[in-house]
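Remember, predicted model here, so these are calculated numbers, not experimental data. As a basis for the values below, the full set of heavy atoms in this structure was taken, side chains included, without hydrogen atoms, waters or symmetry mates. First the proteins, then the strands, lettered A, B, ... as listed; each starts at 1.
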2 protein chains.
Amino acid sequence: MRMKTAYSEEEKRFLRDLGNTIKHYRTLCDLSQEKLAFASNLDRTYIGSVERGERNISVINLNKIATSLNIKPSELMKTA
Amino acid sequence: MRMKTAYSEEEKRFLRDLGNTIKHYRTLCDLSQEKLAFASNLDRTYIGSVERGERNISVINLNKIATSLNIKPSELMKTA
DNA sequence: GTGTGACTTGTAGTCCGTA
DNA sequence: CTACGGACTACAAGTCACA
């Protein structure tokens with residue numbers, strides 16, 4: 001667990017939704033967290049915590065992940 | 001100036017585009033950087049550097065800005 | 001293959017200015 | 001009103017061992 005930061009309920013939901021969306025597209029691509037991590041040049045556990053909505057990811061990393069999933073970053077924010 | 005970080009050309013362009021998009025919507029809303037900063041609960045100088053593409057903004061703040069501009073965060077990533 | 005806690009380092013983000 | 005600098009503080013980035 002990370003989440004020392006006190007986010008509002010709305011922000012927590014926002015991050016959770018984002019994580020779920022990433023997971024959704026990842027499984028569509030038939031990728032494990034490990035493989036996505038490798039493709040995005042990020043750490044396996046980092047991807048995991050992002051998917052769980054524990055991280056306030058920056059747009060550069062969001063872009064990296066989107067690229068590895070063959071989608072646009074805006075696709076990942078659609079739920080918001 | 002901040003920008004010590006060595007981003008790739010692609011990433012720099014990504015951040016610049018994002019900044020320009022924010023500026024575009026901000027002027028559409030007839031807001032100054034100061035007013036947008038106040039509405040988003042962010043710093044005046046921070047908004048400025050984001051618009052100049054000097055910052056790798058996090059998704060929470062992207063969401064805050066989008067909300068203040070009455071648009072969805074995905075609208076801000078359209079160019080990417 | 002994934003979840004989690006603990007940790008260090010870099011930078012996101014704040015606040016004071018000047019032009 | 002905006003760009004930009006210096007000097008901070010808070011937190012994202014990134015890694016690890018172990019369940």
Side-chain angles (χ1 to χ4, degrees), chain A residues 1-8 10-12 14-69 73 76-77 80, chain B residues 1-8 10-12 14-16 18-69 73 76-77:
Chain A
M1 264 304 195
R2 181 58 56 97
M3 219 74 229
K4 303 173 194 175
T5 319
Y7 293 119
S8 71
E10 206 179 332
E11 289 166 339
K12 283 187 210 166
F14 176 78
L15 292 177
R16 261 201 316 273
D17 287 347
L18 177 61
N20 285 332
T21 309
I22 290 174
K23 185 170 193 166
H24 172 72
Y25 280 106
R26 176 174 63 78
T27 49
L28 274 187
C29 290
D30 240 315
L31 289 173
S32 65
Q33 290 183 353
E34 282 175 331
K35 286 181 186 171
L36 173 57
F38 181 77
S40 319
N41 234 316
L42 293 170
D43 194 81
R44 169 185 77 76
T45 62
Y46 182 69
I47 297 285
S49 56
V50 167
E51 285 192 355
R52 270 172 268 128
E54 291 169 8
R55 300 259 184 166
N56 178 15
I57 186 176
S58 73
V59 292
I60 289 280
N61 280 350
L62 186 71
N63 190 35
K64 281 186 192 169
I65 292 174
T67 303
S68 300
L69 295 174
L76 295 173
M77 315 279 274
Chain B
M1 265 304 198
R2 186 61 58 99
M3 215 73 229
K4 304 172 190 173
T5 319
Y7 292 119
S8 72
E10 207 178 333
E11 288 167 338
K12 283 187 211 167
F14 175 77
L15 292 178
R16 260 201 317 272
L18 177 60
N20 286 331
T21 309
I22 290 174
K23 184 170 195 166
H24 171 73
Y25 280 106
R26 176 175 62 77
T27 51
L28 274 188
C29 290
D30 241 313
L31 288 174
S32 66
Q33 290 182 354
E34 283 174 334
K35 286 181 186 171
L36 174 56
F38 181 77
S40 318
N41 234 315
L42 292 169
D43 194 79
R44 166 181 71 79
T45 64
Y46 181 67
I47 298 286
S49 57
V50 167
E51 286 192 356
R52 272 173 265 129
E54 292 168 7
R55 298 272 183 158
N56 179 16
I57 186 174
S58 73
V59 292
I60 290 278
N61 282 348
L62 186 71
N63 190 36
K64 281 186 194 170
I65 292 174
T67 303
S68 299
L69 295 174
L76 295 174
M77 316 280 273

Looking only at side-chain N and O atoms, does B:N61 come under 4.0 Å of OP1 or OP2 in D:dA12?
-> no
Could you check how far CD1 of B:I57 sits from P of C:dT11, rounded to whole Å?
-> 17 Å
Here the distance between atom C1' of D:dA12 and atom CD of A:E11, to the nearest Å, is 15 Å
Worked check of side chain to side chain contact (heavy atoms under 4.5 Å, CB included) between A:H24 and A:N20 | CA-CA 6 Å; A:H24 172 72; A:N20 285 332; over 6 Å; no
Does a nitrogen or oxygen in the side chain of B:R55 sit under 4.0 Å from OP1 or OP2 of D:dC4?
-> no
All stems with DNA chain D, defined as three or more consecutive Watson-Crick or G-U pairs under 3.5 Å | C:2-19 with D:2-19
Length of the CG-P vector between B:L62 and C:dA12, whole Å | 14 Å
Distance in angstrom units between B:L42 CG and D:dA10 P, rounded | 17 Å
Only one of B:E51, B:R44, B:K23 passes side-chain hydrogen bond (donor to acceptor under 3.5 Å, both in side chains) with B:Q33, and that residue is B:E51
Listed pairs, N/O of protein and of nucleotides 16-19 of chain D, under 3.5 Å:
residue, atom, partner, partner atom, Å
D:dC16, N4, A:T45, OG1, 2.9

Please step through side chain to side chain contact (heavy atoms under 4.5 Å, CB included) for the pair A:M77 and B:L62, ending with a clear verdict.
-> CA-CA 10 Å; A:M77 315 279 274; B:L62 186 71; 3.4 Å; yes
Any chance you could lay out the side chain to side chain contact (heavy atoms under 4.5 Å, CB included) test for B:I65 and B:Y25, step after step, and finish with the verdict?
-> CA-CA 10 Å; B:I65 292 174; B:Y25 280 106; over 6 Å; no
Is a donor-acceptor pair below 3.5 Å formed from side chain A:R52 to base C:dG3, judging by atom type as modelled?
-> no
Residue whose closest nucleotide on DNA chain D lies nearer the 5' end, B:N56 versus B:S49 | B:S49
With side chain to side chain contact (heavy atoms under 4.5 Å, CB included) as the test, would you mind laying out the steps for B:L28 and B:L69 before giving the verdict?
-> CA-CA 9 Å; B:L28 274 188; B:L69 295 174; over 6 Å; no
Taking for each residue the nucleotide of DNA chain D with the nearest heavy atom, is it B:I60 or B:E34 whose nucleotide lies nearer the 5' end?
-> B:E34
Would you confirm whether B:S40, through its side chain, and B:A37, through its main-chain N or O, come within 3.5 Å as a donor-acceptor pair?
-> no
Which nucleotide in the list D:dA12, C:dT4, C:dT14 gets nearest to the side chain of A:E54?
-> C:dT4
From CD1 of A:I47 across to C1' of C:dG1 the rounded distance in Å is 14 Å
Provide, to the nearest angstrom, the distance between the CG atom belonging to B:N63 and the P atom belonging to C:dG13.
-> 13 Å
A:N56 side-chain N/O to B:S58 backbone N/O, donor-acceptor pair under 3.5 Å | no
One should read off an interatomic distance between B:I57 CD1 and B:L42 CG, to the nearest 0.5 angstrom, of 7.0 Å
Taking atom P of D:dC1 as reference, at what distance in whole Å does atom CZ of B:F38 sit?
-> 14 Å
Rounded to whole angstrom units, what separation is found between the CG atom of A:L31 and the P atom of C:dG1?
-> 12 Å
Would a 4.5 Å heavy-atom cut-off, applied to side chains only, mark B:N61 and B:V50 as touching?
-> no
